[in-house]
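In what follows, a single structure is set out as structure tokens and then discussed.
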Amino acid sequence: MFRAFRAEVADALTAGLESLELPTGDLGIEEPPEDLDATLASSVAFRLAGELETAPPQAAAELAAAIDSADYEYIGAVTTKGPYINFRTTDRYRQETVEAAQADDYGHLPERDESVVVEHTSANPTGPVHVGRARNPILGDAVANTLDMAGYDVERHYYVNDAGRQMAVFTWAYEKFDESDLDSEPARDRAEYDLVRYYRKGNSFLEDADEATTEAAEDEIAAIMQGLEAGDEDTYERVGEVVDTVLGGMKDCLARLPAEFDEFVKETRFMRDGSTDDVAARLKDSEYAVYDEEAWQLELDAFGIDKNLVFLRSDETSLYTTRDLAHHEWKFANFDRAVTVLGEDHKLQASQLQATLDILGNDPDRLDDVIYSYVNLPEGKMSTRRGTGVMLDDLLDEAIDRAREEVEDRLGDRIRDDDLDEEDIERIAHQVGIGAVRYDIVSKQPTKGITFKWDEALDFEAQSAPYVQYVHARCCGILDEADGEPTAEDIDSTALSTPEEAALIDAIARFPAVIEDAADECKPHRVATYTREVADAFNAFYRSCPVLSADTAATRRSRLALVAAAQHAVANALAVLGVEAPDSM
RNA sequence: GGGCACAUAGCUCAGUCUGGACAGAGCGUCGGACUUCUAAUCCGACGGCCGCGGGUUCAAAUCCCGUUGUGCCCGCCA
């Protein structure tokens, strides 16, 4: 309803300005301070003062007088305070908000008939997912969820780098070494923990061996890469076995978040179908191509990039970016838009990709990047190859364990007579533990760096998932005790007139606008901020407005409907963040 | 050396795109509230030259320039 109200305010201001023959380019619509009884405001009067040759407060008064709120559904009182024009909402606005929010899918925007492919995670299948990487699936999943709720037709892709040197080294090491060559047991009974030991062994071997041995090994590794480039079936199978095995384990880990994918797109696919060769041929013909130092390159100065992009090696083989170009042209052929979630270390490569897609005749505006900073340890970066880092599996296990302890600690002083059984405790521990980890990461601006600290990542107090989840559980608790679901006929918004009720309705009304804004800018952390606002508003309401024991039956019915509305807003906002909404805690 | 990010209360962060009403939360500290729909809650107090210096503007945490600190990138790796 807030979206409609916002549109009405824009209309009203535009019409008012036109009637005074004033420019309508900048309406100055903003949100007023919280202690003011208004939902939106305008500071346009500051700019009118000159035109009207009066002080801003007079200009505001003139414009306010030119607006008749009777022309609008949701605009109530239009008042001024100094130079500001303040807009209140109508009872109808509140009535329709609570009615609309009775729908289980409240917050979902109408379908847009526009498809978006969201690529995220795409970690090389070299070993277990560590926390440094985990920001990608958590953020990426939330971006995809946000777009989905905003009405886009979303597909989630994981791009598998199965053609690079890393996988060639891995395959070589896996074939060269035996279990007996390894110096440790797998840290966990799953494929990627088992195989990563070969990868690490191979890398340390290459570092430590003498020159002749290293050279021989490098020849074997180069043979694997050339086999892939030449389309040799046997090589594909050898590499594919390692890739699929390791990736299988990583999928299991990611599924715990959960982060699920519609498709795992392999890089080799674009070598085998000839599209990478096609891209290279077209780039050679472009005006930006140069043949320098025996390799084909692109000069991208015209795009503000002073670094040349090599797209064919001197031996005519392709590079990662060349294949990624073919990959993105494939995306453009199958989807209206593409969004990629990338670590900040890929920024240069991402801008080169954008520029080159442009050169190839694509509209680069169809591709958006969401860039995030890595999660580092206090002592530095996490690395799969070196085996430094906190594994996501371990973090999730620890989070669940701590959540379980919390649940058990609280069992004693529960007022509610819904004795939780073992199964409930385990369910809540999972929902809260994993929710807290996800929320901690998704609620922050992705561009800000995070230094991983156990006690911070596992802090259930702070502004965290459990706070919001608890609100959802409270809603469910109340609705459980009530007889039957509230219906639209139960709602009398004039019975919901306390400041706490009005504030809660106001928060609920904003939810679809929050989804819209978060989707437009691919910023799911805004939804996290919103969950706290709506939770705050609910808790204030909960404190001062008894529902089941309300003074009158009419108030009780209306408040029940309001609780249902809040529950839907909270549940769907949490769903966007990938955080589960518990029915009880 | 060049490029890109980040810097807001003791700590962790919103707000920055699109400049506007005294800069908001949580944690921590201190003081209160459970015979009541779940206290993983709520109420109150304390706490800020929004890194620093200039500039633009009626108005700057927000825009521009400079500067300091931190991170990332600058490969015929991915």
Could you tell me how far [M] sits from [N] if I compare only their [atom1] atoms? Round to whole Å.
N: rU62(B); M: rA21(B); atom1: C1'; value: 16 Å
N: rC13(B); M: rA7(B); atom1: P; value: 10 Å
N: rU57(B); M: rA61(B); atom1: C1'; value: 16 Å
N: rU16(B); M: rG28(B); atom1: C1'; value: 27 Å
N: rA14(B); M: rC37(B); atom1: C1'; value: 31 Å
N: rC11(B); M: rC65(B); atom1: C1'; value: 33 Å
N: rA33(B); M: rG47(B); atom1: C1'; value: 23 Å
N: rU35(B); M: rG48(B); atom1: C1'; value: 43 Å

Both distances under 3.5 Å, Watson-Crick or G-U wobble: on that basis, could you give the dot-bracket string for RNA chain B, with [ ] for crossing pairs and | for other-strand partners? (((((((..((((......[...)))).(((((.......))))).....(((((..]....))))))))))))....
Can you measure [X] atom [atom1] to [N] atom [atom2] for me and round it to whole angstrom units?
X: Phe541(A); N: rU41(B); atom1: CZ; atom2: P; result: 18 Å
X: Phe303(A); N: rG3(B); atom1: CZ; atom2: P; result: 20 Å
X: Tyr542(A); N: rC37(B); atom1: OH; atom2: C1'; result: 5 Å
X: Leu309(A); N: rC77(B); atom1: CG; atom2: P; result: 12 Å
X: Met585(A); N: rU41(B); atom1: CE; atom2: P; result: 9 Å
X: Arg526(A); N: rC17(B); atom1: CZ; atom2: P; result: 10 Å
X: Glu218(A); N: rC77(B); atom1: CD; atom2: C1'; result: 12 Å
X: Tyr530(A); N: rA25(B); atom1: OH; atom2: P; result: 19 Å

For [X], enumerate each residue passing the salt bridge (charged side-chain N to carboxylate O under 4.0 Å, His left out) test, keeping only those at least two apart in sequence or located in another chain.
X: Glu31(A); result: Arg510(A)
X: Glu398(A); result: Arg402(A)
X: Asp345(A); result: none

RNA chain B-proximal residues of [range], any heavy atom under 4.0 Å:
range: residues 53-63 of chain A; value: none
range: residues 26-34 of chain A; value: Glu30(A), Pro32(A), Pro33(A)
range: residues 342-356 of chain A; value: Glu344(A), Asp345(A), His346(A), Lys347(A), Leu348(A)

Can a salt bridge be assigned to the pair [X] and [Y] using a cut-off of 4.0 Å between side-chain N and carboxylate O?
X: Asp517(A); Y: Arg526(A); value: no
X: Glu516(A); Y: Arg6(A); value: yes
X: Arg410(A); Y: Glu406(A); value: yes
X: Lys284(A); Y: Glu316(A); value: yes

Residues Tyr159(A) and Thr340(A): side-chain donor-acceptor under 3.5 angstrom: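 No - no donor-acceptor pair under 3.5 Å links their side chains.
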Check: protein-nucleotides 7-14 of chain B nitrogen or oxygen pairs below 3.5 Å:
| residue | atom | partner | partner atom | Å |
| --- | --- | --- | --- | --- |
| rA7(B) | OP1 | Lys448(A) | NZ | 2.6 |
| rA14(B) | OP1 | Gln445(A) | N | 2.5 |
| rA14(B) | OP2 | Lys448(A) | NZ | 3.0 |

Heavy-atom pair of closest approach, residues [X] and [Y]:
X: Gly132(A); Y: Met382(A); result: N-SD, 3.2 Å
X: Asp26(A); Y: Val44(A); result: O-CG2, 3.3 Å
X: Met250(A); Y: Tyr158(A); result: CE-OH, 3.6 Å

Report, one pair per line, the protein and nucleotides 55-58 of chain B atoms (nitrogen or oxygen only) whose separation is under 3.5 Å.
none

Nearest to the Asn161(A) side chain among rC17(B), rA21(B), rA78(B), which nucleotide is it?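 Selected nucleotide (nearest to the side chain): rA78(B).
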Among rC77(B), rC22(B), rA21(B), which nucleotide sits nearest the side chain of Leu319(A)?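 My answer, after comparing the listed nucleotides, is rC77(B).
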Would you please confirm or rule out a distance under 4.0 Å between OP1 or OP2 of [N] and any side-chain N or O of [X]?
X: Arg410(A); N: rA40(B); value: yes
X: Tyr467(A); N: rA25(B); value: no
X: Arg543(A); N: rC37(B); value: no
X: Arg313(A); N: rC77(B); value: yes
X: Lys523(A); N: rG15(B); value: no
X: Asn124(A); N: rA78(B); value: no

Listed pairs under 3.5 Å, donor-acceptor, residues 452-460 of chain A side chains, sequence neighbours left out:
| residue | atom | partner | partner atom | Å |
| --- | --- | --- | --- | --- |
| Asp459(A) | OD1 | Glu461(A) | N | 2.9 |

What contact category does Asp517(A) fall into here, base, sugar-phosphate, or nothing, at under 4.0 angstrom with non-hydrogen atoms?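 If one applies the 4.0 Å heavy-atom cut-off, Asp517(A) turns out to touch nothing in the nucleic acid.
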Side chain Tyr199(A), main chain Ala173(A), donor-acceptor under 3.5 Å: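 Not confirmed, Tyr199(A) side chain does not pair with Ala173(A) backbone.
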Would you check if the side chain of His472(A) reaches a backbone N or O of Val468(A) as a donor-acceptor pair within less than 3.5 Å?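 A pair under 3.5 Å: no.
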Can you check whether any acceptor in the base of rA21(B) is under 3.5 Å from a donor in the side chain of Asn86(A), or vice versa?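 Indeed there is one.
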Heavy-atom check, side chain of Val265(A) versus side chain of Phe270(A), under 4.5 Å: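 Yes, close enough: below the 4.5 Å cut-off.
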For Glu192(A), give me all partners under side chain to side chain donor-acceptor pair (under 3.5 Å), at least two apart in sequence or on another chain.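 Glu192(A) satisfies side chain to side chain donor-acceptor pair (under 3.5 Å) with Arg190(A) once adjacent residues are dropped.
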For nucleotides 60-69 of chain B, give me every protein contact, N/O to N/O, under 3.5 Å, one pair per line with atom names.
none

